[in-house]
A.B. asks: 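One structure is given below, represented as structure tokens, and several questions about it will come after.
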Amino acid sequence: MTRLIAVWALILAWGMTLHGTAGAADGLVHAQNFQADARIAAKRRVPILVVFTSPVCSYCERVKREYLIPMHKDPAYRNRAIIREVTIGASTPLIGFDGTPTSEGAFAAANKIFMVPTVKVFDTKGADASEAIVGLLSPDYYFGYLEAAIDEGIRKVRGK
């Protein structure tokens, strides 16, 4: 009986590992350390695009699925932006741009995020590099809004 329980525990752990790996490969990277991300962004001379989401937001899922995940997977965007996700209200630990420990929820609150999805583009110091994109707006033009925000961020980071 003990052996059977051990086998089931192993199968369950293996299944959870596969699920976690698929989610990380197929989704966006959650912000963990903006100070480290900013160093990478400075080397690449690109801004940091952050999408603020909520687990119960269907529009957030649509924005991620239709726009941001494809951008994140596209090698061309490696030279245009670092893309991260922050969950509002979450207590998940996070290092801010200045190296201060915080949480995803506190970072969202400090950036006055009250509506999701909200996309903000930051420069390598953590300052706003474009106007925030709040809500889904018009799906037909949303990709253009993202591109314009990234372009503005690139101009600010590169000093053009």
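Along the sequence shown, residues carry numbers from 1. Source: prediction; values computed, not measured. Side-chain atoms are counted along with the backbone in the values below, which use heavy atoms only and exclude waters and symmetry mates.
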A.B. asks: Is the ring pair Y145/Y142 parallel, tilted or perpendicular, if the boundaries are 30 and 60 degrees?
C.D. replies: perpendicular
A.B. asks: Please report the interatomic distance CG(L136) to OG(S58), rounded to the nearest 0.5 Å.
C.D. replies: 9.0 Å
A.B. asks: Quick one: pull up OG1 in T124 and CD1 in I40 and give me the separation to the nearest 0.5 Å.
C.D. replies: 12.5 Å
A.B. asks: Is there a continuous path of hydrophobic side-chain contacts, each under 4.5 Å between heavy atoms, that joins V29 to I48?
C.D. replies: no
A.B. asks: So how far is it from Q32 CD to I95 CD1, rounded to the nearest 0.5 Å?
C.D. replies: 10.0 Å
A.B. asks: How would you list all residue pairs meeting ring-ring contact (aromatic ring centres under 6.0 Å, His included) that involve residues 77-106, not counting sequence neighbours?
C.D. replies: F34-F97, F97-F122
A.B. asks: Is the count of non-hydrogen atoms from other residues, nucleotides or ligands lying under 6.0 Å from Q35 atom CD greater than 12?
C.D. replies: yes
A.B. asks: Going hydrophobic residue to hydrophobic residue with side-chain gaps under 4.5 angstrom, can you get from M115 over to V56?
C.D. replies: no
A.B. asks: Looking at CD1 of I133 and CG of L49, how far apart are the two atoms once the value is rounded to the nearest 0.5 Å?
C.D. replies: 7.0 Å
A.B. asks: Quick one: are V63 and T53 in side-chain contact, heavy atoms under 4.5 Å?
C.D. replies: no
A.B. asks: What are the two closest heavy atoms between G153 and P47, and how far apart are they?
C.D. replies: C-CG, 3.8 Å
A.B. asks: V51 versus C60: any side-chain heavy-atom pair under 4.5 Å?
C.D. replies: no
A.B. asks: Do you reckon L94 sits in the same ILVMFWY cluster as I82, going by side-chain contacts under 4.5 Å, direct or chained?
C.D. replies: yes
A.B. asks: Compare all side-chain heavy atoms of R80 with those of D151 and state whether any distance is below 4.5 angstrom.
C.D. replies: yes
A.B. asks: Quick one: does R62's side chain get under 4.5 Å of P139's, heavy atoms only?
C.D. replies: yes
A.B. asks: Could you tell me whether R65 and E61 have a side-chain N and a carboxylate O separated by less than 4.0 Å?
C.D. replies: no
A.B. asks: Has D74 got a side-chain atom pairing as donor or acceptor with A76's backbone, closer than 3.5 angstrom?
C.D. replies: yes
A.B. asks: If a pair satisfies salt bridge (charged side-chain N to carboxylate O under 4.0 Å, His left out) and one of its residues is in residues 84-105, list it, with sequence neighbours excluded.
C.D. replies: D37-R84, K64-E85
A.B. asks: With clusters defined by side-chain heavy atoms of hydrophobic residues (ILVMFWY) lying less than 4.5 Å apart, directly or transitively, does L68 cluster with I154?
C.D. replies: yes
A.B. asks: Between S130 and A149, what is the shortest heavy-atom contact and its length?
C.D. replies: OG-CB, 3.5 Å
A.B. asks: Compare all side-chain heavy atoms of L28 with those of I69 and state whether any distance is below 4.5 angstrom.
C.D. replies: yes
A.B. asks: In this structure, are over 12 heavy atoms from other groups packed under 6.0 Å from R78 atom CZ?
C.D. replies: no
A.B. asks: Linking I/L/V/M/F/W/Y whenever any side-chain heavy atoms sit under 4.5 Å apart, do F107 and V121 land together?
C.D. replies: no
A.B. asks: Roughly how far apart are K156 NZ and K125 NZ, rounded to 0.5 Å?
C.D. replies: 15.0 Å
A.B. asks: Once rounded to the nearest 0.5 Å, what's the spacing between atom CE of M71 and atom CD1 of I83?
C.D. replies: 6.0 Å
A.B. asks: Does any non-hydrogen side-chain atom of H30 lie less than 4.5 Å from one of T92?
C.D. replies: no
